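When a ligand or atom number is given, it counts from 1 through the structure's own listing order. Heads up: numbering here begins at 1 and tracks the sequence. Computed from heavy atoms alone, side chains included, the values below leave out hydrogens, waters and symmetry copies. Quantities reported herein were computed from a predicted structural model and do not represent experimental measurements.
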Amino acid sequence: MRAVVVTAFGGPEVVRVVETELPEPAARQVRIKVAAAALNPVDAGVRAGVFGGAGKQLGLGWDVAGTVDAVGAAGGWSVGDEVVALHYGVVEPLGTHAEYVVVDTDAVARAPRSVDVVAAATLPLNALTAVQALDLLELTSGQSLLVTGAAGAVGGFAVQLAAHRGVSVTALAREGDAELVRSLGASSFTAGAVEPGSVDAVLDAAVLGERALAWVRDGGAFAGVIPKAAPAPVRGVRVGAVEVSADGPRLAELGALVDQGVLTLRVAETYALDEAPKAHARLAEGGVRGRLVLIP
Ligand SMILES: NC(=O)c1ccc[n+]([C@@H]2O[C@H](COP(=O)([O-])OP(=O)(O)OC[C@H]3O[C@@H](n4cnc5c(N)ncnc54)[C@H](OP(=O)(O)O)[C@@H]3O)[C@@H](O)[C@H]2O)c1
């Protein structure tokens, strides 16, 4: 099969499409025939060497939508099931940017029924990250949340999930994104000016750090998205950072929210698998709204 890998770190030019052996599922794993696989910032990070793994072949791709193609012992899934999954890991030899991928069964969920497979591929990583970041904040209906990077993938899902729970959401995004983030459910918009101590919590998907921590009231809560970059706690604010975990049952709940119209899936552009370097170059240009999706 063909798979997208890096064997040296660098820019989009180090991304290669190689022929490799079809992987076999072990016990409690399934093999998915990939129909679509989103490209995320983490893939650019792996490519650039942010997570290490020098000298190894590193597979790219965490998000997948496709069809179960083979099942290991105690698989729990059947060949032909249409699924989505999160393939977690920064130093794996193969990822979802491939014709087939093997994932653990507990990372898999039935695909949402109301969207096509390209849109479905944009769900797992960023919706799971958003909901797991919201878990850290422990907000209740009526409380206030500021989401930075609200027009992005994590931020956009966070806005929708929080608004759905009755949380009052302020979206921090670029000037041109005001209409978009309001359509996702934000009740207020800011391009950067925020009163210090004015919100119960911040979900910092734009990684603004201490600047965003200052906007949380004393005793409130802050959730970052880069564990190593979380700011030090101040004024009794609980500070945490999400490290996404693959969670099939939770992913199934998120898929159900897609089918209920609560979560919107956004696709920017699609690329053939062989065009992976071009997709990386587009991501590196910045300003993408919605995800770039590879189609084997
Ligand atoms: N810890 C985990 O498990 C985990 C999981 C998933 C993602 N992440 C991380 O979460 C972050 C967000 O991921 P993503 O996929 O949502 O990225 P994304 O889609 O690129 O979204 C980031 C958004 O933030 C905006 N932004 C950045 N700086 C801003 C600023 N100063 N003011 C206003 N808007 C600003 C960006 O706008 P422009 O495009 O115009 O710059 C973009 O809309 C990334 O760092 C990613 O690596 C962590």
Side-chain angles (χ1 to χ4, degrees), residues 37-51 60-63 86-90 95-96 107 121-137 146-161 170-184 186 188-194 202-215 222-231 239-247 250-251 254 263-269 279-280 282-293:
L39 174 64
N40 286 291
V42 68
D43 300 309
V46 172
R47 183 201 78 213
V50 171
F51 305 102
L60 302 181
W62 289 37
D63 273 328
L86 175 66
H87 181 269
Y88 178 90
V90 285
T96 64
T122 67
L123 180 70
L125 172 61
N126 298 302
L128 281 168
T129 302
V131 79
Q132 290 169 5
L134 286 172
D135 288 349
L136 296 176
L137 296 173
L146 186 141
V147 178
T148 75
V154 173
F157 285 133
V159 170
Q160 290 193 304
L161 289 166
T170 298
L172 186 149
R174 306 286 186 198
E175 288 286 0
D177 292 319
E179 200 176 317
L180 166 67
V181 294
R182 284 190 188 279
S183 78
L184 298 176
S188 327
F189 166 81
T190 176
V194 184
V202 162
L203 195 163
D204 188 20
V207 199
L208 303 184
E210 282 177 7
R211 189 178 148 220
L213 180 60
W215 299 328
F222 175 98
V225 293
I226 307 286
K228 281 187 202 153
V239 174
V242 65
E243 181 65 67
V244 72
S245 64
D247 181 340
R250 206 77 194 279
L251 183 54
L254 294 163
L263 287 182
T264 311
L265 303 179
R266 294 178 288 147
V267 175
E269 288 171 56
H280 277 253
R282 175 65 194 96
L283 184 65
E285 280 172 20
V288 178
R289 294 293 177 269
R291 237 22 1 159
L292 307 174
V293 180

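Among all non-hydrogen protein atoms, the one lying nearest atom 33 (C) of ligand 1 is L172 CD2, 3.5 Å. In terms of protein heavy-atom proximity, atom 21 (O) of ligand 1 is closest to G152 CA, 3.2 Å. Nearest protein neighbour of atom 5 (C) of ligand 1, counting heavy atoms only, is T129 OG1, 3.1 Å. Here the heavy atom of the protein found nearest to atom 20 (O) of ligand 1 is R291 NH2, 4.1 Å.
Checking only distances, V242 does come within under 3.5 Å of ligand 1, N or O to N or O. Remark: ligand 1 and V225 share an N or O pair separated by less than 3.5 Å (distance only, no angle test). Between D177 and ligand 1, no N or O atom pair is found at a separation short of 3.5 Å. Considering both main-chain and side-chain atoms, V154 comes within under 3.5 Å of ligand 1 through a nitrogen or oxygen pair. The shortest N or O to N or O distance between V42 and ligand 1 is not below 3.5 Å. For A206, no nitrogen or oxygen atom sits less than 3.5 Å from a nitrogen or oxygen atom of ligand 1, counting backbone and side chain alike.
Contacts of I226 with ligand 1, taken as heavy-atom pairs under 4.0 Å, involve the side chain alone. If you look at A241 next to ligand 1, there are no close heavy atoms at all, none under 4.0 Å. With a heavy-atom cut-off of 4.0 Å, V244 touches ligand 1 through backbone and side chain alike.
Listed by atom number, the atoms of ligand 1 under 4.0 Å from N126 heavy atoms are 6 (C), 15 (O). Contact atoms of ligand 1 toward G149: 23 (C), 24 (O), 25 (C) (distance under 4.0 Å to a heavy atom of the residue). With ligand atoms numbered from 1 in the order given, ligand 1 contributes 15 (O), 17 (O), 47 (O) to contacts under 4.0 Å with heavy atoms of P41. For ligand 1, the atoms sitting less than 4.0 Å from at least one non-hydrogen atom of A205 are 11 (C), 12 (C), numbered in the order shown with element in parentheses. Heavy-atom proximity to L208, at under 4.0 Å, picks out these atoms of ligand 1: 31 (N). Near G287, meaning under 4.0 Å from one of its heavy atoms, ligand 1 places the atoms 39 (O).
Under a 4.0 Å N-O distance rule, the pair R211/D204 does not qualify as a salt bridge. Using a cutoff of 4.0 Å between basic side-chain nitrogens and carboxylate oxygens, R282 and E285 are scored as salt-bridged.
Side-chain contact check for L265 versus F157: some heavy-atom pair is nearer than 4.5 Å.
Judged by distance alone, with hydrogens and angles left aside, the side-chain atoms of R289 form no donor-acceptor pair with the main-chain N or O of D177 at under 3.5 Å. Side-chain atoms of E269 never come within 3.5 Å of backbone atoms of V293 as a donor-acceptor pair (strictly under, hydrogens ignored). R174 contributes no side-chain N or O that, together with a main-chain N or O of A178, makes up a donor-acceptor pair within less than 3.5 Å. With hydrogens and angles ignored, the 3.5 Å screen pairs no side-chain donor or acceptor of N40 with any backbone N or O of D43. Side-chain atoms of Q132 come within 3.5 Å of backbone N or O of S245 as a donor-acceptor pair. D63 contributes a side-chain N or O that, together with a main-chain N or O of L125, makes up a donor-acceptor pair within less than 3.5 Å. Between the side chain of T148 and the main chain of A206, a donor-acceptor pair closer than 3.5 Å is present.
Nearest-heavy-atom check against atom 30 (C) of ligand 1 across R174, R289, E285 picks out R174.
Between the CG atom of L203 and the CG atom of L172 there is a distance of 12.0 Å, given to the nearest 0.5 Å.
The side chain to side chain contact (heavy atoms under 4.5 Å, CB included) test with L128 is passed by exactly one of L123, V244, V154: V244.
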